[in-house]
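Below is one structure, written out as structure tokens; comments come after it.
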Amino acid sequence: MTKLIPIFIDGKKWVQLSQLSKEQERKIKSWLPVSCLKKLLFNGIELKDCIDFETYEYWFKSYQVGSQRASALDF
């Protein structure tokens, strides 16, 4: 799985969930409370599905570990 690169808005790192694959987007949205999704204005464009990068990074690492465990159990 490819890790998203954050965008910097007002000195904070963000990622836009619509940049993920549909499967990954569905999984992270089911894991997150709805209140974590933010609407941000970036260069005059409204980004509707953003989360802070730290939350995304935590999910990404947790998801990777979970996937590796499942692979190890496949044998």
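These numbers come from the heavy atoms of this one structure, side chains and all, not from hydrogens, waters or symmetry mates.
Side-chain contact between Tyr58 and Trp31 is present, with heavy atoms from C-beta onward closer than 4.5 Å.
Closest approach of Phe53 to Val15, counting heavy atoms only: CD1-CG1, 3.6 Å. Nearest heavy atom pair, residue Tyr56 against residue Thr2, reads OH-O, 3.9 Å. Contact between Glu46 and Leu41 at its shortest, heavy atoms only, is N-CD1, 4.0 Å.
Among residues two or more places apart in sequence or in another chain, the side chain to side chain contact (heavy atoms under 4.5 Å, CB included) test is passed with Ser21 by Glu23, Gln24. By the salt bridge (charged side-chain N to carboxylate O under 4.0 Å, His left out) test, Lys39 pairs with no residue at all, sequence neighbours left out. Considering only residues two or more places apart in sequence or on other chains, Ile7 meets the side chain to side chain contact (heavy atoms under 4.5 Å, CB included) condition with Ile9, Trp14, Leu47. Residues meeting the side chain to side chain donor-acceptor pair (under 3.5 Å) test with Asp52, sequence neighbours left out: Thr55. Take Lys3 and apply the salt bridge (charged side-chain N to carboxylate O under 4.0 Å, His left out) test, not counting sequence neighbours, and it matches Glu57. The salt bridge (charged side-chain N to carboxylate O under 4.0 Å, His left out) search around Lys29 returns Glu25, not counting sequence neighbours.
Phe60 and Ile51 fall within the same hydrophobic cluster, defined by Ile, Leu, Val, Met, Phe, Trp and Tyr side-chain heavy atoms under 4.5 Å apart, directly or through other members.
Annotation: the span from Cys50 atom SG to Phe42 atom CZ amounts to 10.0 Å, rounded to 0.5 Å. A distance of 9.5 Å separates CD in Gln16 from CG in Leu4, rounded to the nearest 0.5 Å. Expressed to the nearest 0.5 Å, how far CG of Asp49 lies from OG of Ser18 amounts to 4.0 Å. Within the model, atoms CG of Leu32 and NZ of Lys27 stand 14.5 Å from one another, a figure rounded to the nearest 0.5 Å.
Through direct or indirect side-chain contacts shorter than 4.5 Å among Ile, Leu, Val, Met, Phe, Trp and Tyr, Ile5 is connected to no other residue.
Ring geometry for Tyr63 versus Trp59: interplanar angle under 30°, hence parallel rather than tilted (30 to 60°).
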